Amino acid sequence: MSAYAGRTTAVSFVKAKASDNIKTLAELGAYSWSYIGALRGKEHDSSWTTADATTADSPDYTKESIVTFKEETYKADGVARDEEIYNVKTLRKAIRKPDAVAQGGEPYFWLKIVDPVFGTEYLFVQGTKCKITSAHDDVIKFSTEFTIMNSVDA
């Protein structure tokens, strides 16, 4: 049994349009990905919402529910470094002011997550948040949040 430090997970992105939400593995592999450097935390959250289906006839007075929708998000945070190799400024700009040509004016992306436990996964996402924290006595940090709308496993 092996365990790994979170720093071994690599995250890259490519700008996309809403119409790019369905791609094959071959199409995704052909993209020129921009590595997101200086990351610290990475979090992939999946959860299901439910609707209450409990009635007066529910067995043993047990609450019942049915599944409605799956909600998924991907969050990443790190140190805001100014070197172009980290692509932090490019990602921030693509979330805050999406490119009219490459993104159709909306903050869509494909994320490529390479993880030693779960392998390679491609996520079609919408950038929903970009936060910059500039504390007086600490490094400037950034955090991003994406809503996942589609995924392709390698």
Side-chain angles (χ1 to χ4, degrees), residues 1-51 53 65-135 138-154:
M1 184 185 317
S2 298
Y4 302 91
R7 66 177 172 246
T8 59
T9 298
V11 182
S12 301
F13 73 97
V14 65
K15 297 174 187 176
K17 294 179 185 173
S19 59
D20 294 330
N21 67 336
I22 306 243
K23 294 289 180 186
T24 65
L25 200 52
E27 290 171 316
L28 292 169
Y31 279 138
S32 178
W33 295 89
S34 297
Y35 171 72
I36 306 173
L39 288 180
R40 289 184 173 172
K42 296 152 230 126
E43 180 180 319
H44 187 166
D45 183 26
S46 300
S47 61
W48 289 91
T49 58
T50 59
S65 62
I66 59 171
V67 172
T68 55
F69 299 100
K70 179 174 61 170
E71 295 180 64
E72 284 191 280
T73 59
Y74 195 85
K75 299 175 186 176
D77 64 81
V79 176
R81 299 196 180 262
D82 61 352
E83 293 93 343
E84 292 300 320
I85 193 169
Y86 297 112
N87 295 305
V88 173
K89 291 189 284 186
T90 303
L91 178 63
R92 177 180 183 243
K93 183 177 180 183
I95 292 172
R96 292 182 63 233
K97 297 178 181 179
D99 184 273
V101 176
Q103 295 175 284
E106 300 180 77
Y108 290 107
F109 303 88
W110 275 98
L111 295 180
K112 178 182 178 183
I113 315 297
V114 180
D115 185 281
V117 176
F118 303 105
T120 301
E121 185 176 27
Y122 298 94
L123 307 174
F124 182 73
V125 301
Q126 183 179 53
T128 54
K129 187 174 188 178
C130 184
K131 180 179 178 181
I132 306 298
T133 306
S134 303
D138 199 0
V139 295
I140 298 173
K141 299 176 197 166
F142 75 97
S143 62
T144 58
E145 186 172 324
F146 304 93
T147 298
I148 300 170
M149 299 184 306
N150 192 12
S151 65
V152 176
D153 294 329

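Computed from a predicted structure; not experimentally measured.
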Which pair of heavy atoms, one from [X] and one from [Y], lies closest together, and at what distance?
X: N150; Y: I22; answer: ND2-CA, 4.2 Å
X: G105; Y: P98; answer: C-CB, 3.5 Å
X: I132; Y: R92; answer: CG1-NE, 3.5 Å

Taking the side chain as C-beta and beyond, is there a heavy-atom pair between [X] and [Y] under 4.5 Å?
X: I95; Y: F146; result: yes
X: E121; Y: D115; result: no
X: K75; Y: K42; result: no

(message) Run I140 and R81 through side chain to side chain contact (heavy atoms under 4.5 Å, CB included) and show every step you take.
(response) CA-CA 8 Å; I140 298 173; R81 299 196 180 262; over 6 Å; no
Atom [atom1] in [X], atom [atom2] in [Y]: separation rounded to 0.5 Å?
X: W48; Y: E71; atom1: CH2; atom2: CD; answer: 10.5 Å
X: Q126; Y: N21; atom1: CD; atom2: CG; answer: 11.5 Å
X: S47; Y: K70; atom1: OG; atom2: NZ; answer: 10.0 Å
X: Q103; Y: K97; atom1: CD; atom2: NZ; answer: 13.5 Å
X: T90; Y: K15; atom1: OG1; atom2: NZ; answer: 6.5 Å
X: I113; Y: S151; atom1: CD1; atom2: OG; answer: 11.0 Å

(message) side chain to side chain contact (heavy atoms under 4.5 Å, CB included) for T133 and K131? Distances and angles first, verdict last.
(response) CA-CA 7 Å; T133 306; K131 180 179 178 181; 4.0 Å; yes
Let me check something: any side-chain donor-acceptor pairs from residues 29-41 under 3.5 Å, sequence neighbours excluded? List them with distances.
{"residue": "W33", "atom": "NE1", "partner": "L28", "partner atom": "O", "Å": "3.2"}

Sub-3.5 Å donor-acceptor pair from the side chain of [X] to the main-chain atoms of [Y], do we have one?
X: E72; Y: I148; answer: no
X: T50; Y: I66; answer: no
X: K17; Y: V101; answer: yes
X: E27; Y: T24; answer: yes
X: T49; Y: T68; answer: no
X: D77; Y: F142; answer: no
X: D99; Y: A102; answer: yes

(request) Go through the side-chain N and O atoms of T73 and T147 and say whether any donor and acceptor fall under 3.5 Å apart. (result) no
(message) For K141, I'd like to know if atom NZ has over 12 heavy atoms of other residues, nucleotides or ligands within 6.0 Å.
(response) no
(message) Exactly one of Y122, Y74, F124 should register a ring pair (Phe, Tyr, Trp, His ring centres under 6.0 Å) with W110. Which one does?
(response)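 Looking at Y122, Y74, F124, the match for W110 under the ring pair (Phe, Tyr, Trp, His ring centres under 6.0 Å) is F124.
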(request) Start with the C-alpha gap between T144 and L91, add the side-chain angles, then the distance that decides, and say whether side chain to side chain contact (heavy atoms under 4.5 Å, CB included) holds. (result) CA-CA 9 Å; T144 58; L91 178 63; 4.0 Å; yes
